[in-house]
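So that the names make sense, note that chain A is the first sequence line, chain B the second, and so on, each numbered from 1.
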There are 2 protein chains.
Amino acid sequence: MKLSLAEENYLKAVYHLSAEGETEVSTNAIAEEMQTKAASVSDMMRRLSEKELVHYKKYQGVRISNDGARAALQVVRKHRLWEVFLVEKLKFSWDQVHEIAEQLEHIKSPLLIKRLDEFLGHPKYDPHGDPIPDENGEFKEKPQIPLSSTNLNDDGIVVAVKDTSPVFLQHLDRIGIYLGAKIKTIEKTEFDGSMEILIDQKNKLFISKEVAQNVLVTN
Amino acid sequence: MKLSLAEENYLKAVYHLSAEGETEVSTNAIAEEMQTKAASVSDMMRRLSEKELVHYKKYQGVRISNDGARAALQVVRKHRLWEVFLVEKLKFSWDQVHEIAEQLEHIKSPLLIKRLDEFLGHPKYDPHGDPIPDENGEFKEKPQIPLSSTNLNDDGIVVAVKDTSPVFLQHLDRIGIYLGAKIKTIEKTEFDGSMEILIDQKNKLFISKEVAQNVLVTN
DNA sequence: TTTAATTTTTAGTTTAATCTAAATTTAGTT
DNA sequence: AACTAAATTTAGATTAAACTAAAAATTAAA
């Protein structure tokens with residue numbers, strides 16, 4: 001099935017929204033995610049549902065179909081592989097790659113993606129710690145919990161970030177938190193949810209609740 | 001100036017056609033090059049001329065403007081850099097890269113192209129021997145003449161091909177002609193324009209007039 | 001130099017994707 | 001249960017890019 005750029009983007013939005021919450025996704029939520037209007041979403045959902053990429057009942061929200069999820073995962077795969085390429089090979093920082101990958105993810109050539117994957121050494125995670133689906137759409141998420149819900153004296157490794165916006169990523173760079181950093185929780189403040197942590201057994205750091213909630217670690 | 005995909009493609013077509021012949025390009029020639037209809041071309045030329053990217057007088061054909069040439073050259077630069085990437089890094093053969101580069105050339109990110117250029121070591125020529133314009137649109141074509149018009153016992157190096165179609169490139173691969181090959185002309189047949197040549201001082205080969213006209217060498 | 005053939009343009013449709021405004025459905029609250 | 005507020009869909013317009021068919025301009029030929 002050949003999808004237009006707009007169709008791919010809507011499908012991706014539906015996929016992402018259903019991945020992180022309910023299976024039924026609301027028209028408004030999609031409009032918000034896509035920076036567009038609800039009317040446009042309704043229209044597109046009607047069309048995607050004709051192509052059986054989503055299940056759609058008027059006024060009831062949409063649910064992604066198997067075919068739809070498969071297509072969305074291929075776009076996600078391409079997006080994340082390109083992000084790895086940009087960071088590993090072209091020396092971009094992790095806060096710069098999303099926009100460019102948004103464009104590159106729509107390039108249509110299965111062979112290109114196969115070769116790119118080989119060239120990069122079959123990476124399993126992108127620069128933000130998100131898993132890269134394989135050719136069949138399979139992937140394994142690393143077990144990850146927000147730094148904010150670790151216990152005192154817990155040791156953990158930063159495996160991903162929840163918020164991938166440039167401002168947040170740049171903030172992490174500035175304070176010295178990066179993917180793979182070893183983190184020990186030294187103190188948690190009840191009052192405002194802020195924490196004191198130790199990075200790589202060297203640097204003590206105070207971080208806000210907001211930061212702690214958006215940094216994901218394994219233990 | 002932000003150009004749509006269609007605008008970039010038309011501009012490129014005008015640029016290529018004026019590069020290899022007259023400065024005035026006909027509506028029909030563009031339609032042919034773009035696999036579209038003359039009516040669509042007229043429409044687009046009107047729009048491109050409003051943006052001052054081409055000079056256009058009804059019924060008189062179009063001429064690319066300075067701004068237009070600048071824009072076209074940036075697209076050409078991107079196309080050829082991506083071709084180098086595909087061949088050098090992703091191990092594509094020279095007959096496979098055009099279609100994919102047609103898509104990649106429209107990715108919009110000056111920084112991406114800067115980094116890609118660095119990553120590739122600032123290549124001057126693409127896998128077909130065509131010159132890659134720099135950031136300012138400057139480039140130097142290698143002096144090149146068709147193999148068919150070399151003299152007997154002339155030595156030359158293959159620097160480019162005139163025809164870049166997959167069938168022709170695959171044929172060259174099959175008979176053992178490649179970019180950089182050292183070629184000596186052994187014999188020229190008046191009757192049909194075919195030639196006998198020696199490749200890399202080792203392999204004797206008979207080639208047709210058609211092949212000889214489309215292989216370009218320096219001497 | 002008039003006519004015929006060719007090329008090019010215009011006019012009018014079509015499709016995908018968007019929008020605004022109006023109508024409709026669902027959900028929440030007395 | 002009725003009403004209001006919010007969410008969603010429909011209707012109607014708009015824009016970019018294409019097309020076909022018809023009109024107009026240019027070029028070539030008699």
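- Between the CD1 atom of A:I30 and the P atom of D:dT9 there is a distance of 9 Å, rounded to whole Å.
- With a cut-off of 3.5 Å on both pairing distances, the Watson-Crick or G-U wobble partner of C:dT30 is D:dA1.
- Listed nucleotides C:dT18, C:dT8, D:dA21 differ in distance to B:A39; the shortest reach to its side chain belongs to D:dA21.
- Using a 4.0 Å heavy-atom distance criterion, B:S40 is classed as a base contact.
- OP1 and OP2 of D:dA6 both lie 4.0 Å or more from every side-chain N or O belonging to A:Y59.
- Straight-line distance from the NZ atom of B:K58 to the P atom of D:dT26: 11 Å, rounded to whole Å.
- The distance from atom CG of B:L5 to atom P of C:dA16 is 17 Å, rounded to the nearest whole Å.
- Residue B:T36 has no polar side-chain atom (N or O) positioned under 4.0 Å from OP1 or OP2 of D:dA17.
- Other residues, nucleotides and ligands contribute only 12 or fewer heavy atoms inside 6.0 Å of the CD atom of A:E99.
- The shortest side-chain heavy-atom distance between A:L116 and A:W82 falls under the 4.5 Å cut-off.
- B:M45 places its CE atom 12 Å from the P atom of D:dA17, with the value rounded to the nearest Å.
- Distance NZ (A:K57) to C1' (C:dT26): 16 Å, rounded to an integer number of Å.
- Listed here is the closest heavy atom pair of A:D192 and A:K209: O-CB, 3.5 Å.
- Ion pairing between A:D117 and A:R77 holds under the 4.0 Å rule for side-chain N and carboxylate O.
- Residue B:S26 places none of its side-chain N or O atoms closer than 4.0 Å to OP1 or OP2 of C:dT7.
- For the OP1/OP2 pair of D:dA6 and a distance below 4.0 Å, the side-chain nitrogens and oxygens of A:N28 include no atom meeting the criterion.
- In this entry the distance linking CG of B:D43 with P of C:dA11 reads 11 Å, nearest Å.
- Straight-line distance from the CG atom of A:L3 to the P atom of C:dA16: 13 Å, rounded to whole Å.
- The side chain of B:S42 places no N or O atom within less than 4.0 Å of a non-bridging phosphate oxygen (OP1 or OP2) of C:dT10.
- One interatomic measurement links the two molecules: CD of A:E8 to C1' of C:dA17, which rounds to 15 Å at whole-angstrom precision.
- Distances shown here put a side-chain N or O of A:S4 below 4.0 Å from the OP1 or OP2 atom of C:dA17.
- We find that A:E102 and A:K12 are joined by a salt bridge, their nearest charged nitrogen and carboxylate oxygen being less than 4.0 Å apart.
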